[in-house]
**Student:** 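This structure is in structure tokens; I'll ask about it shortly.
Naming: A, B, ... by sequence-line order, numbering from 1 per chain.
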Amino acid sequence: VDRLYLGLPAALQGLGERRRTLNPTVVTFLVLYYIVVLVIGIWAMRRGAGEDLEGYLLGGRNVGPLVTALTLQSTSMSGYMFLGAGALSYTQGYWGLWFAAGDIGGGVLNLSILGRRMRKLSQIMGSLTSIEYLENRYPSPATRLIAASISVFLLAFYVLAQFIAGGKGLALVTGLSYPLALFIALAIIILYTFLGGYLAVAYTDFFQSLVMVVGVVWILVVSIYHTGGLTAANLKIAQVDPTLLSVWGKGLGYEGQWGVVAGAVAVFSIGYFGWPHVVTRHMAMQRPSTARMAGAYATLWNLLFVSSPYLVGILAIVILPGLDDPELAIFRIAQELLPPAVTGIVMAAIMAAIMSTADSLLLQTGSIASRDLYERFINPGASERQMVWVSRGLVLAIGVVGYFVALVEPPAVFDVVIFATSVLGSAFAPAFLCAVWWKKANTPGAIASMVLGAATALIWQVAGLEAQTTFHPMAAGILASTVTIVVVSLATQTVAPVAPHIVKAMEETVRLRPIPPEMLSMSDFALHPEAEEIGSMMGGGE
Amino acid sequence: VIRAIGTAVRASEAVAILEASAPVSAEVERELFYPFHWFLLRSSAKTLFGTSALGVSCLVDARRRRCATADPFETEDRVVTPENIVEPTLAESDGLRIAERYASYVVQRRRSAFVRQHLEVVEQDLVYKPFWIVHCRQERSRPFRMLVDGVTGGFYPLPAPCLSVNS
């Protein structure tokens with residue numbers, strides 16, 4: 001390990017220097033933070049929440065919309081926000097805000113264009129996972145095989161970014177060497193995935209989320225204050241490099257390259273559409289107003305949180321010029337400007353977020369591998385024990401390969417996240433969108449779109465075609481997959497028409513009846529199966 | 001006599017909920033009870049901090065084979081006429097298989113860990129959920145029917161032809 005460490009890039013070796021200047025107060029409060037989180041968890045579990053699944057699943061119904069919203073958000077914040085976003089702005093200035101714009105708009109777009117209709121269609125077709133949903137909408141074993149393989153491959157990449165973020169963060173916080181910190185972070189994540197044990201309750205997620213948002217906003221406010229305000233900071237950035245103030249990147253590298261800009265915005269807006277997700281059904285026994293309020297709080301939280309790391313990265317250009325590793329900009333600013341006790345608490349919350357995201361991604365990857373590939377294609381009668389071991393085997397393989405990649409040739413967190421999101425979005429976004437919006441989208445069209453979209457984005461990035469074509473891999477991939485699904489679907493309508501039950505299900509998601517629109521928009525879609533069944537018994541529906 | 005989930009929304013409230021949502025005139029046609037196989041499952045697994053157990057309440061649609069986790073609820077014995085009941089078509093044993101598979105998937109996700117779970121049935125029953133079928137009229141448009149959840153007050157359009165109030 002030591003020999004490998006000697007071969008590390010200077011940026012990572014620089015972490016060793018931080019070890020010597022480590023503040024014991026930071027470590028004390030870091031440990032205190034974890035003790036508080038543990039105590040909250042144990043307290044909540046003893047109160048009874050720990051013995052009831054619903055205490056976890058929809059604890060928000062008992063704890064109110066604010067806690068529900070922050071609970072959901074705490075798991076969605078990954079290492080990218082704390083390392084990748086800051087590094088991007090630190091090196092490219094205001095160019096990074098294109099990505100932030102896409103990120104902020106992504107959630108809204110996802111909800112308004114895809115979310116509700118897709119949830120309806122998933123419920124009508126009885127799909128439990130997004131891969132199952134794709135296979136139900138585009139019936140063919142090939143749909144599931146291709147979609148699951150692409151997902152497993154790319155989610156593994158995304159996990160790699162979390163490993164690197166966890167290793168770097170732990171090294172900086174504890175003063176351990178990067179290889180050792182990486183090993184510890186990875187071992188904790190994998191051990192947790194294998195054994196579980198500490199069930200996060202709503203209150204712990206809420207606490208972590210609150211610390212994260214307060215911490216990041218605090219870092220931002222202190223940074224603005226330290227630089228004498230945004231105007232003063234901009235003047236100082238202009239002295240370093242005036243092009244960093246433009247939206248075209250350092251040295252105006254992307255000036256007029258609208259294909260690259262479109263891709264940058266699309267990565268986290270359209271790219272989100274491609275993420276595999278879960279559709280499960282819960283039958284509430286209370287009125288659903290909490291969920292609506294929680295949605296509003298989550299949007300507000302996003303507006304507050306998403307742009308902060310990018311802005312801190314920009315201010316770091318002035319505060320910490322010449323950083324060896326720009327990915328550590330936010331961590332280093334926290335160390336420099338916050339009181340040691342606050343630094344310890346905020347860093348602990350960030351580390352917890354990184355690790356919980358890695359854990360969720362591994363779970364997602366393992367589930368797809370065991371349910372959508374192993375059970376479906378290799379061993380249809382697989383027992384739960386076999387499925388668990390297939391998942392664990394894959395997680396272990398990702399861990400071992402990830403450790404060596406992160407140690408020997410660690411890619412930038414930003415690059416890995418953009419790579420995975422671009423290819424996932426290119427592969428799946430048109431297939432998911434057309435699934436609910438275009439009745440003629442058929443199986444050959446979807447399969448060709450997934451393969452060509454993923455291949456285009458992949459080749460574009462690996463071959464470095466962005467620089468030559470001034471077209472972002474995401475934009476190229478989305479264009480390829482969209483054109484493919486349209487052309488192939490239209491060309492194969494006669495040989496592979498969309499099944500009538502699918503067309504009917506799609507029509508159901510729009511439901512044009514003599515019902516007042518305001519009533520329709522307030523209707524509870526969870527009641528669809530019962531309504532359909534009762535309606536058919538009364539002489540309507542199916 | 002059936003075991004029904006407690007009705008929290010009365011007929012007059014169902015009407016009021018619909019009339020408050022849009023300019024319609026609503027009238028309750030009848031109350032209908034929809035069947036679910038209910039299972040309270042206990043999922044236990046060995047974890048870092050010893051054996052951990054979770055209770056999972058599952059409702060399996062006894063007609064459409066769909067499963068959902070459920071909030072805790074109270075039941076009451078109700079005397080109802082056969083025309084107000086939707087008969088179950090799914091056997092309880094099949095319902096249990098569906099509930100176990102669903103619960104194991106949901107719990108695994110919630111535990112965030114690939115742990116082997118031992119599932120046992122703590123309680124099970126055939127329960128009926130109350131619904132109101134409400135006939136709605138509006139100016140210059142055809143009448144339509146809405147299904148109102150007798151527990152939550154949520155509503156959804158019924159895809160049934162609406163010829164007269166008592167059809």
**Student:** Do you know the tightest heavy-atom contact between B:Val86 and A:Met537?
**Tutor:** CG1-SD, 3.6 Å
**Student:** Are B:Lys129 and A:Glu533 close enough for a salt bridge, meaning some N to O gap below 4.0 Å?
**Tutor:**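 Salt bridge absent between B:Lys129 and A:Glu533.
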**Student:** Are any of the side-chain heavy atoms of A:Glu532 and B:Arg64 separated by less than 4.5 Å?
**Tutor:** yes
**Student:** Is atom CD of B:Glu74 surrounded by more than 12 heavy atoms (other residues, nucleotides or ligands) closer than 6.0 Å?
**Tutor:**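 At most 12 heavy atoms, drawn from other residues, nucleotides or ligands, come within 6.0 Å of this atom.
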**Student:** Looking at A:Ala531 and B:Pro157, what are the two nearest heavy atoms and their distance?
**Tutor:** CB-O, 3.7 Å
**Student:** Let me know if B:Phe155 has heavy atoms under 4.5 Å from chain A in its side chain, its backbone, both or neither.
**Tutor:** both
**Student:** Taking all heavy atoms of B:Ile133 and all of A:Ile534, pick out the closest pair and write down the distance.
**Tutor:**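 Taking every non-hydrogen atom into account, CD1-CG2, 4.0 Å.
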**Student:** Go through A:Ser367, A:Gly366, A:Ser370, A:Ser391 and name the one with the most non-hydrogen pairs under 4.5 angstrom from chain B.
**Tutor:** A:Ser391
**Student:** Do other residues, nucleotides or ligands put more than 12 heavy atoms under 6.0 Å from B:Arg65 CZ?
**Tutor:** no
